[in-house]
Enquirer: 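There's a structure below that I have some questions on.
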Amino acid sequence: MLPPFVEMHHHADTYKAGERVGENKSGTIEEGIAIWDSAKSQLIKKELTAQMEDLISTFIGQGILYTRWMIDVSESGLKALSCAIAVKEKYKNTLAIEITAFPQLGMKEPWKRELLEKALQMGADQVSAVPHLEESEEQEDAAVQECFRLAQQYKKGIHIFCDETENPDSMSSSKIAEAAVKGEYHNPSITISHVNALSYYEETKAAETIQKIKQAGIHVISCPLINSTTIGKSLDSRHAARGITRVKALRDQGVNVCVAHDDIKTPFYPFGNGNMLQAGYMMAHLAQFTTEPELIDLVEMLTYNGAKAMNIQHYGIQENGPAEFLLYKENNLFSLFTEHSKPSAVCKNGRIIS
């Protein structure tokens, strides 16, 4: 028995889009962005709604009852955001959805910042940025500052795409942590996803950055499936890290680390079926979690740690708690992560829903 999965980072707008918009031949983040950017102007609300409802069915069948959706808000009509907000309301009693508005194309031009602000006005729950994709350090700093400013103005959470690169000079995580610690902005929840560059820092720099993240109380989301296939392609393989952030080092310093699935058959990642145990299985290999205590930590990265990051009340298997749980045929953690089967039953509020 497990508590329901918490999928902390998922792209609902690009779900299965890779099957429709063309193959990412280089397998890089940059080509994925270009493919998606050329396709999103053709989005149709009816199709987007059906796509998101199909994703919800997939999530429930895989035991995901809490999720945070990453919605690109660099499309002028904000069609995907509009559909996500409507679907969130429709299914609120079955799947708890938070929506993060993120500017996939950056914040340099005024129209991009205007769309991001409009997304918050429409009802997005978190404001985001992608600072490592900005064209200069000045623009990167401005993006982080604008993200915090909007969070303050609209009383939103912050969830930033951070250092999704093998560039050891990418230091967005430090800048975000420093902005949080300064206390200039009041925000109850700050999350950063990916943080891959941390694996390419030299040891002293990495340790200092981890301490900053810890001091700021920032939650870290690692996406082992997509990042193991996209990060490190430009490096000599003899020197390439495994693509993920320093999961064990962050965990050992008390940082709240979560594991996310991220993508299902998108222009960025051609695989995936929403099975969180597959994401955990990949993490077990990349972070080298092979003992029973480590697998317990891994389960918590898929469940309780995400609940903490989302501030979910009354979560977990406990006396007098809500009857929300997953049942599996496997009777130990090694079998669970070896088979990564679907749950035989998904229970919510005392009722089997899948």
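Below, all heavy atoms of this structure are taken into account, side chains as well, without hydrogens, waters or symmetry copies. Worth saying up front: this structure is predicted, and the values here are computed from it rather than measured.
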Enquirer: Can you tell me how far CZ of F337 sits from CG of L277, rounded to the nearest 0.5 angstrom?
Expert: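 Answer rounded to 0.5 Å: 5.5 Å.
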
Enquirer: Check for a donor-acceptor pair, side chain of S82 on one end and backbone N or O of L78 on the other, with a separation under 3.5 Å.
Expert: no

Enquirer: Are I296 and M276 connected in the hydrophobic side-chain network, where two residues link if heavy atoms are under 4.5 Å apart?
Expert: yes

Enquirer: Going from OG on S341 to OH on Y328, what distance comes out if it is rounded to the nearest 0.5 angstrom?
Expert: 6.5 Å

Enquirer: Using a 3.5 Å distance criterion without hydrogens, assess whether the side chain of N275 forms a donor-acceptor pair with backbone atoms of A279.
Expert: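 Side chain of N275 to backbone of A279, a donor-acceptor pair under 3.5 Å: no, none is there.
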
Enquirer: Looking only at atom types and distance, does a side-chain atom of K214 sit under 3.5 Å from a main-chain N or O of Q253, one as donor and one as acceptor?
Expert: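 Present.
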
Enquirer: Would K156 count as a cation-pi partner of Y154, with NZ or CZ less than 6.0 Å from the six-membered ring centre and within 45° of the ring normal?
Expert: no

Enquirer: Could you give the distance from CD (E164) to NE2 (H132), rounded to the nearest 0.5 Å?
Expert: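 Atom-to-atom, E164:CD and H132:NE2 are 5.0 Å apart.
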
Enquirer: Ignoring hydrogens, what is the shortest heavy-atom contact between P3 and I317? Give both atom names and the distance.
Expert: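 Where P3 meets I317 most closely, the heavy atoms are N-CD1, 3.6 Å.
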
Enquirer: For F102 together with H11, are the ring centres under 6.0 Å from each other?
Expert: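 Here the rings of F102 and H11 have centres that are less than 6.0 Å from each other.
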
Enquirer: Has the side chain of Q51 got a donor or acceptor atom that lies under 3.5 Å from a matching backbone atom of A12?
Expert: yes

Enquirer: So which heavy atom on S173 is nearest to which on T209, and how close?
Expert: OG-CG2, 3.4 Å

Enquirer: If you measure from CD1 on I97 to OG1 on T67, what distance do you get to the nearest 0.5 Å?
Expert: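 Rounded to the nearest 0.5 Å, the CD1-OG1 separation comes out at 7.0 Å.
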
Enquirer: Taking atom SG of C223 and atom CD1 of I221, what is their separation to the nearest 0.5 Å?
Expert: 7.5 Å

Enquirer: Would Q152 and R149 satisfy side-chain contact (heavy atoms from CB on, under 4.5 Å), going step by step from the backbone distance to the final call?
Expert: CA-CA 5 Å; Q152 171 77 3; R149 185 191 70 79; 5.8 Å; no

Enquirer: Counting neighbours of NZ on K205 that are heavy atoms of other residues, nucleotides or ligands and sit closer than 6.0 Å, is the number greater than 12?
Expert: yes

Enquirer: Out of curiosity, C83 SG to I85 CD1, how far, rounded to the nearest 0.5 Å?
Expert: 9.5 Å

Enquirer: Do the rings of F161 and H159 sit parallel, tilted or perpendicular, given the 30° and 60° boundaries?
Expert: tilted

Enquirer: Less than 6.0 angstrom separating the ring centers of H10 and Y66, yes or no?
Expert: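 No - the distance between ring centres of H10 and Y66 does not fall below the 6.0 Å cut-off.
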
Enquirer: Just so I know, are the side chains of D54 and K16 near enough to count as touching, which here means a heavy-atom distance under 4.5 Å?
Expert: yes

